[in-house]
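Heads up: the structure comes next, in structure tokens.
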2 protein chains.
Amino acid sequence: MRPARFKDVDIIEAALAVAAREGPAGASIAKIAAQADAPTGSIYHRFRSRDVLLGEVWLKAVTDFQNAYIKLLDGSDVERAALDAALFVPRYVRENTAEARLMLLHRREDFLVPGWPVKMLEQAEMLGRQMQAAQQHFCRKLTGRDDRKTMRILCYAMVEAPMGAVRPYLEKGGTPPPLVDSLVEATFHAAMALTGGDA
Amino acid sequence: MRPARFKDVDIIEAALAVAAREGPAGASIAKIAAQADAPTGSIYHRFRSRDVLLGEVWLKAVTDFQNAYIKLLDGSDVERAALDAALFVPRYVRENTAEARLMLLHRREDFLVPGWPVKMLEQAEMLGRQMQAAQQHFCRKLTGRDDRKTMRILCYAMVEAPMGAVRPYLEKGGTPPPLVDSLVEATFHAAMALTGGDA
DNA sequence: AAGTAATTAGAATATATATTCTAAAACTAT
DNA sequence: ATAGTTTTAGAATATATATTCTAATTACTT
């Protein structure tokens with residue numbers, strides 16, 4: 001049996017590079033093949049279709065981010081863990097810029113198209129449930145509540161505001177400066193103060 | 001001369017609806033034609049190409065948003081004007097959901113492709129300069145400074161954080177609840193507090 | 001050394017969509 | 001009423017890209 005010159009991982013990596021640079025719509029098989037220095041045939045030898053390939057790229061990025069994020073929530077100092085998780089967003093963006101561009105500059109639907117194999121759809125759903133469950137559990141641990149409003153505030157403080165802070169730098173093709181961390185931290189405290197409000 | 005059944009505006013409106021629903025990449029001429037209940041020929045009668053049409057859609061949305069936003073900065077009470085501008089983001093999203101989806105869920109480059117007529121490129125550049133100038137002038141008026149750091153903080157407080165707060169609702173196809181306004185306001189104050197820092 | 005099976009290679013094909021083109025229709029002005 | 005001009009209409013064409021297909025490699029196996 002002939003050994004592979006292009007492994008699944010190599011092709012996913014090439015597709016990630018192209019999609020991060022030009023967006024999912026611009027990530028044609030031809031461009032991905034050029035990026036990997038491979039013929040198109042070798043790509044189809046490994047992936048059923050372009051949609052599946054881009055889907056795998058997206059699933060891998062989200063899985064990696066989410067696993068690291070959720071792991072941080074397990075810290076013994078709950079308050080500290082919350083802030084660490086919020087600050088993980090800019091850090092992740094600096095260290096995994098391509099993946100970050102994929103996830104922050106595009107919609108889930110730009111990757112997750114109808115026509116995905118069931119297995120991939122299930123994995124995507126699983127990721128969503130897993131994140132939801134982790135957030136809810138953590139919210140209860142931190143605030144003693146897990147009602148809708150408290151959850152939304154926490155989600156803003158730990159994910160949405162950090163992502164908003166980071167996005168303009170990704171759009172310009174750069175990475176967030178240290179100032180962003182201060183903004184994330186300040187926002188975190190301000191948002192958490194709203195947590196004690198009404199019922 | 002025969003009167004037009006489809007005016008420029010009608011076609012732009014249809015293109016906006018499709019692009020807001022399916023993203024710029026999914027906004028094919030066929031779909032736009034169906035949305036406007038027009039033949040494809042009538043679209044090409046008015047717009048040189050699909051790229052130009054989508055570009056006009058984007059330019060119109062950004063121009064409208066920006067004009068309203070900049071007008072708010074002129075309020076006599078500067079502090080109040082700043083907060084009003086920040087809160088304008090969720091308000092705009094509620095009142096102009098389609099335009100908001102266009103601008104917040106996609107990149108500028110997804111609309112502004114190379115191959116645009118010079119006139120449109122110039123208009124896009126002009127918009128950028130105009131926003132930059134307005135922000136800088138306002139920053140000076142509010143804080144007494146317009147250095148890079150202060151500008152970044154203000155931009156986060158007034159635009160980026162609000163957009164981050166609003167995005168998840170747009171992604172789900174909904175609009176931001178009132179809670180978002182509280183988060184925007186809290187973030188605004190927290191970020192502004194960082195303004196007094198070092199040089 | 002020859003057989004074997006996975007893999008590469010890229011040309012050929014299919015498909016989807018943008019764009020062009022020709023004719024008919026609908027008003028206006030003379 | 002008729003000529004003139006814009007606009008509609010949608011079929012025909014071009015183009016771009018995804019996908020398939022056949023042949024040639026390659027290294028392991030016997």
Side-chain angles (χ1 to χ4, degrees), chain A residues 1-58 102 106 109-117 120, chain B residues 1-59 106 109-117 120:
Chain A
M1 175 170 123
R2 178 178 178 177
R5 182 175 157 205
F6 309 104
K7 301 205 225 13
D8 285 28
V9 173
D10 301 324
I11 294 168
I12 288 181
E13 204 170 293
L16 168 66
V18 176
R21 196 169 59 235
E22 320 209 16
S28 66
I29 291 289
K31 281 182 195 158
I32 294 169
Q35 174 80 30
D37 193 30
T40 64
S42 291
I43 293 176
Y44 279 94
H45 182 65
R46 313 238 161 224
F47 297 92
R48 179 190 308 286
S49 71
R50 174 179 171 279
D51 288 346
V52 165
L53 170 55
L54 287 180
E56 296 283 14
V57 170
W58 188 81
L102 218 68
H106 304 280
E109 298 85 55
D110 292 330
F111 296 92
L112 208 164
V113 302
W116 261 23
M120 290 177 75
Chain B
M1 175 167 122
R2 177 179 179 179
R5 182 175 156 206
F6 308 105
K7 300 206 233 353
D8 286 28
V9 174
D10 301 324
I11 293 168
I12 287 181
E13 204 170 294
L16 168 65
V18 176
R21 195 171 57 235
E22 320 209 17
S28 68
I29 292 290
K31 281 182 196 160
I32 294 169
Q35 174 81 29
D37 194 29
T40 65
S42 291
I43 291 176
Y44 280 93
H45 183 67
R46 313 243 161 217
F47 298 92
R48 180 190 306 289
S49 70
R50 173 178 172 280
D51 288 347
V52 165
L53 170 55
L54 287 180
E56 296 285 12
V57 169
W58 188 82
L59 279 177
H106 305 281
E109 298 85 55
D110 292 330
F111 297 91
L112 208 163
V113 301
W116 260 24
M120 290 176 73

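Since the model is a prediction, treat every value here as computed from it, not as a measurement. In what follows, chains are A, B, ... by sequence order, proteins preceding strands, each numbered from 1. What's counted below: heavy atoms across the whole structure, side chains too, no hydrogens, waters or symmetry copies.
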Original post:
Rounded to the nearest Å, what distance is computed from the CG atom of residue A:D10 to the C1' atom of nucleotide C:dT8?
Top reply: 14 Å
Original post:
So how far is it from A:E13 CD to A:K7 NZ, rounded to the nearest 0.5 Å?
Top reply: 10.5 Å
**OP:** Between B:A4 and A:A30, just flag the one whose closest nucleotide in DNA chain D comes earlier from the 5' side.
**Re:** B:A4
**OP:** Name the orientation class of the two ring planes belonging to B:F111 and B:H106 (parallel below 30°, tilted from 30 to 60°, perpendicular beyond 60°).
**Re:** perpendicular
Subject >> Position toward the 5' end of DNA chain C (nearest nucleotide), A:A38 or B:R48 >> reply: A:A38
Subject >> Phosphate OP1/OP2 of C:dA9: any A:R5 side-chain N/O under 4.0 Å >> reply: yes
Original post:
For D:dT19, does OP1 or OP2 lie under 4.0 Å from any side-chain N or O of A:Y44?
Top reply: yes
**OP:** Quick one: label A:T40 by what it contacts on the DNA or RNA (base, sugar-phosphate, nothing), any heavy atom closer than 4.0 Å.
**Re:** base
Original post:
Looking only at side-chain N and O atoms, does A:R50 come under 4.0 Å of OP1 or OP2 in D:dA18?
Top reply: yes
Subject >> Side chain of A:S49 (C-beta onward), nearest among D:dA27, C:dT8, D:dT19 >> reply: D:dT19
Original post:
Between A:F6 (CZ) and C:dA9 (C1'), how many Å, whole number?
Top reply: 9 Å
**OP:** Step through the shown structure and confirm whether more than 12 heavy atoms of other residues, nucleotides or ligands are within 6.0 Å of CZ on A:R21.
**Re:** yes
Subject >> Taking every non-hydrogen atom, the tightest pair across A:A14 and A:A36 >> reply: CB-CB, 3.6 Å
Original post:
Once you round it to whole Å, what is the distance between P of D:dT6 and NZ of B:K7?
Top reply: 18 Å
Original post:
Tell me: CE of B:M1 to C1' of C:dT30, nearest whole Å?
Top reply: 17 Å
Subject >> Nearest-neighbour nucleotide for the B:I29 side chain, C:dT8, C:dA18, D:dT8 considered >> reply: C:dA18
Original post:
Atom CG of B:D51 and atom P of C:dA18: how far apart are they, to the nearest Å?
Top reply: 9 Å
Original post:
Out of B:L54, B:L59, B:L53, which residue meets the side-chain contact (heavy atoms from CB on, under 4.5 Å) rule with B:I12?
Top reply: B:L53
**OP:** May I have the distance from B:H45 (atom NE2) to D:dG10 (atom P), rounded to whole angstrom?
**Re:** 16 Å
Original post:
Between atom CZ in A:R46 and atom P in C:dA6, what is the gap in whole Å?
Top reply: 12 Å
**OP:** Check the distance between C:dA18's C1' and B:F47's CZ and give it to me in whole angstrom.
**Re:** 16 Å
Original post:
Do any side-chain nitrogens or oxygens of B:R2 fall under 4.0 Å of OP1 or OP2 in C:dA24?
Top reply: no
Original post:
Counting side-chain heavy atoms from C-beta on, which of D:dA9, C:dA9, D:dT6 comes nearest to B:P39?
Top reply: D:dA9
